[in-house]
Amino acid sequence: MKCLACLFSLIFMCLSFDLSANSADKNRSEKESQMSPQDSVLALTSQVIRLIEQGRDTCLFSLEKALEVTERCEKKTLYRAEVYHQLGYAEMQFGKLNRADSLLDIAKELFVENDWGKGVALVYLKKGSLSALRGLQEDEIRYQILALEYFEDEADHSNAYKPCINLATIFTRLDQSHKAFLYIEKAEKHLKELEGYENNYGYLYFLNTKLVCYGDTLDKLSDKILDVDVLNGVDTSFDYYLNQMVSLNENMLSLSQKLESSEFKYRAILMESKIKGYQNDHKGAIDVLKEDYDNIMAQDNVLIKFYTNFYFARAFKALGNYSEALKYIQIAEKLNDQNQETFEKENRYILNMYYDIFKNQNRYKEALKVFEQLTELRNQANSADRFKAVNELEAKYQKEKDKNEILMLSAQNSKLKLNQFLLITGFILIAAFLLVFMKYRRLSQEIEENKKITQAILLGEENEKKRLASDLHDGLGQSMLILKQQYFQEETNLSFKEDFDKLIQETRAISMNLHPAPLKLFGLTRALEGMVDKASLSGSIFSSHELVDVDAHVNEISSIQVFRIIQEAINNIVKHSDATSLKLLANTTSNELEFILMDNGKGFEINNKTKASLGLMTMHERAEAIGAKLSIESEIDKGTIIRLHLPKAV
């Protein structure tokens, strides 16, 4: 396993560099013939960035060739996972977002199958970028957090700082400074664990992110809208952040020149202009930008070009040259409109600039019109309710936690009183017990026999499901994938291809529902976590979990039945509850496990009709078969709470 770790570390490090292999091209065929299949796959996948620049056909041809070579690799599914991962990344770069999403899902499944957490985390990073391209902000945040959790669990500092920087950037754009500062601090801690961290591209990204966050904080301090309490005692004076920005920007400019990065050089120039604006040196801000204006406008980065023109407009406005300010803000507006995704924050900057210019030029009718647009945009950008469902669920969970603690204390107190009572009445109870013991023993034997029969039936069903799942996955599923690879090499008949992809996904889903592979591979705890995480993929629900490790306390039969009960419950929530959030908890006491699943959906009335439904009856039968107790609490418009109490396995 350590060898594989080193191997994949090499792959992912290689992907951070643009390989200019002109001399290698001449001898590639000769070298490839001498390589092992594994080395050939690594060589082909490590050149993705260079191949992307050469065009889609060249890139995909190389990766498809790598996919063929994986058939000869010892651990072919692991190598196939890496190829699908890079195929997904490449298609994302070429704008094929749906295809990229499908390929990344395949890569994730294969990484999970091989218990390769780092590969899963890297897929989550790509899925986060994909969500950003689609404008799915909450999904972007969720995937970045999932990637961070994987990397931190593995103490993988070389990758853990990346989602931290991404999250800091996201929360800065959302005007949530306290969260941005939190992830900047985390990123810095991970970077400091790396040798020579101050001399690589990762540190450049970190410096730029910190500068943007500090600049955003200075803007808020200027407008007196920053909540200083959220910075936990950090000096919030204007001069503190200004001095920090000067020092950070000098470091970024120096490192960008050392690493010959024109993009970060221009970012440093932009920040220098912004700093001069804070220092009221508006002429200096213009002079800084003038020298490299043409080179900056020749770059592909839309945001750098936008802010170059915006800072020009801001400096000219401060100097009273409104005609020049208007000229540059119009260029900035055009750049933002031409971008694939226009940004709320930049739209607000543009409208604010127009408003100030028109007001200072006494063009009040135009200023009023802009003010109305700005008011509408601010109302749309109000993010107070964005995470309302999550906050409600967390509050509900905390209340449930407090309630459980009170119940535990009450139970302990009751136990003490019961012991006292038993001591006083023990002799009387012993006499009564002897009279009914024989009858109770016969009844217990009958119950135990019925339970064994039920367990045998359920186990037989699971074995049959396992066989069917294997047939679907290894037979029909693999045949469909082969057909897809043979007949869908080109971007033709997209509608039919999408239908075919859906058919493959449905086959996988049926196979997974028939026999949950994660349960066997990773145990009940991780299987439940994966099931809860998967519920969020529907896009309409936010799911979370807080589980203790329960695997040591349940046997194989109980694990299967607990998994099936919670699977049925989550399916019901996703399909019927209209919930926006759900949470799964698992706690242990001295003699039992407690699972709690709750949602904030529309709830339902518990009556004889609902109790007789097939889904609920099956859940109760499964619980009884393993000696567990299942209870359901639900109120209309107040959600549902499902509790499963299971005795610990001896």
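Side chains included, hydrogens not; waters and symmetry mates left out as well; all remaining heavy atoms used. Counting begins at 1 with the first residue of the sequence.
For E568, the side chain to side chain contact (heavy atoms under 4.5 Å, CB included) partners are N572, M619, not counting sequence neighbours. E154 is linked by a side chain to side chain contact (heavy atoms under 4.5 Å, CB included) to D156, counting only residues two or more places apart in sequence or in another chain.
Two residues are said to be in side-chain contact when any heavy atoms from C-beta on lie closer than 4.5 Å; H545 and D533 meet this criterion. Side-chain contact between L174 and F171: present, with at least one pair of heavy atoms (C-beta onward) separated by less than 4.5 Å. The side-chain heavy atoms of E82 and F111, taken from C-beta on, include a pair separated by under 4.5 Å. Proximity of D101 to L130: side-chain heavy atoms (C-beta onward) are separated by under 4.5 Å at one or more points. Counting only heavy atoms from C-beta outward, the side chains of I145 and Y183 approach each other to under 4.5 Å. A 4.5 Å side-chain heavy-atom check between T209 and F206 finds every atom pair outside the cut-off. Side-chain contact between I626 and I560 is absent, with no heavy-atom pair separated by less than 4.5 Å. Residues M598 and I641 meet the side-chain proximity criterion, which asks for heavy atoms closer than 4.5 Å.
In this structure, H157 NE2 and K192 NZ are separated by 13.5 Å, a value rounded to the nearest 0.5 Å. Taken from CG in L630 to CD in E621, the straight-line distance is 11.5 Å, to the nearest 0.5 Å. Rounded to the nearest 0.5 Å, atoms CG (L584) and CD1 (I596) are 9.0 Å apart. Summarising the geometry, atom OH belonging to Y124 is positioned 11.5 Å from atom OG belonging to S131; distances are rounded to the nearest 0.5 Å.
Under the 4.0 Å criterion applied to side-chain N and carboxylate O atoms, K108 and D105 are not assigned as salt-bridge partners.
Dense packing is recorded around CD of E193, with more than 12 heavy atoms of other residues, nucleotides or ligands lying under 6.0 Å away. Around the OH atom of Y203, the shell of radius 6.0 Å holds more than 12 heavy atoms that belong to other residues, nucleotides or ligands.
Of all non-hydrogen atoms in T525 and L547, the two that sit nearest each other are O-CD1, 3.8 Å. When all heavy atoms of A180 and T172 are compared, the pair lying nearest together is CB-OG1, 3.4 Å. Across every non-hydrogen atom of A81 and A107, the tightest pair is O-CB, 3.5 Å.
With hydrogens and angles left out, the side-chain atoms of R564 and Q567 include a donor and acceptor closer than 3.5 Å. Side-chain contact annotation: Q144 with E140, donor-acceptor N/O pair under 3.5 Å absent.
Not a single donor-acceptor pair under 3.5 Å links the side chain of D599 to the backbone N or O of G639.
For the side-chain contact (heavy atoms from CB on, under 4.5 Å) with L122, the lone residue among Y89, Y150, F151 that qualifies is F151.
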